[in-house]
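Since the structure comes first, as structure tokens, the remarks are kept for the end.
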Amino acid sequence: MSEQSFPDDARPEYADALPEYAERVLDVTELIPPGRVMTYGDIAEYLGEGGPRQVGRVMSLYGGGVPWWRVVRADGALLAGQELEALDRYREEGTPLKEASRAAEGHLPRLDLKRARWDGGERAQDHT
DNA sequence: AGCGTGACGAGTA
DNA sequence: ATACTCGCCACGC
């Protein structure tokens, strides 16, 4: 096959296809079981490529078609701008939440990562 | 090329 | 628990 040599800054792109990295991130996102979550960093580590910021970027740009609420920040804070949307999902999926202490009323609950975090493998998780 | 910005994360005060 | 720093890396100006 004749190898066409493109200049490094003029590689052909196909509009229908997402960048390969983005596709992998979305792929992993769809593997997260309902009621569980993975952090941006977890996904990056799982892929063995990129970092949390790269994953965050992908979700920001292309996350609309996948269960984006199952990809969360490491501190358990709900996604800014879509807290209520996400909270709704968590409640219907039974995702472990950590209710805000009564002292902080205005605060929405945060995720209980200790219980909700999914390691990417199939494994029994119990307790209550 | 430099610099600010971001759906991040860990460490420190 | 909050605030701030740094490290990280892709992008846009």
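Throughout, a chain's letter reflects where its sequence line sits, starting with A, and its residues are numbered from 1.
- Considering only residues two or more places apart in sequence or on other chains, Glu92(A) meets the salt bridge (charged side-chain N to carboxylate O under 4.0 Å, His left out) condition with Arg89(A).
- Comparing dC13(C) with dA7(B), their C1' atoms are spaced 22 Å from each other, to the whole Å.
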Check nucleotides 11-13 of chain C against the protein and report each pair of N or O atoms closer than 3.5 Å, with its distance, or say if there are none.
none

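- The salt bridge (charged side-chain N to carboxylate O under 4.0 Å, His left out) check on Asp112(A) picks up Arg115(A), with sequence neighbours excluded.
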Self-check item: Test side chain to side chain contact (heavy atoms under 4.5 Å, CB included) applied to Val71(A) and Ile43(A), step by step
Solution: CA-CA 8 Å; Val71(A) 182; Ile43(A) 292 180; 3.8 Å; yes

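- How far CG of Asp119(A) is from CD of Glu45(A): 11.0 Å, rounded to the nearest 0.5 Å.
- With rounding to whole Å, Lys98(A) atom NZ is found 12 Å from dA1(C) atom C1'.
- Here the range on DNA chain B touched by chain A, meaning any atom under 4.0 Å from one of its heavy atoms, is dG6(B) to dA10(B).
- Shown here is Tyr21(A), whose OH atom has more than 12 heavy atoms of other residues, nucleotides or ligands within 6.0 Å.
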Exercise. Run the numbers on Leu111(A) and Tyr90(A) for side chain to side chain contact (heavy atoms under 4.5 Å, CB included), then give the verdict.
Key: CA-CA 9 Å; Leu111(A) 287 145; Tyr90(A) 297 142; 3.9 Å; yes

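- Residue-environment remark: CD (Glu20(A)) stays at or below the threshold of 12 foreign heavy atoms within 6.0 Å.
- Of the inter-residue distances, the one linking Leu84(A) atom CG with Leu78(A) atom CG reads 8.5 Å to the nearest 0.5 angstrom.
- An OP1 or OP2 oxygen of dA1(C) is reached within less than 4.0 angstrom by a side-chain nitrogen or oxygen of Arg110(A).
- With sequence neighbours left out, Arg110(A) forms a side chain to side chain contact (heavy atoms under 4.5 Å, CB included) with Lys98(A).
- Within the structure, side-chain hydrogen bond (donor to acceptor under 3.5 Å, both in side chains) contacts touching residues 62-82 of chain A (residues at least two apart or in different chains) are Trp69(A)-Glu93(A), Arg70(A)-Glu93(A), Arg73(A)-Asp75(A).
- For the pair Arg117(A) and Thr39(A), the minimum side-chain heavy-atom distance is below 4.5 Å.
- Every side-chain hydrogen bond (donor to acceptor under 3.5 Å, both in side chains) that Arg24(A) has, sequence neighbours left out, goes to Glu49(A).
- Interface residues of residues 37-50 of chain A facing DNA chain B, ordered by number: Thr39(A), Tyr40(A), Gly41(A); criterion, heavy-atom separation under 4.0 Å.
- Shown for residues 62-82 of chain A: no residue has heavy atoms falling under 4.0 angstrom of DNA chain C.
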Side-chain donor-acceptor pairs under 3.5 Å in residues 50-58 of chain A, sequence neighbours left out?
none

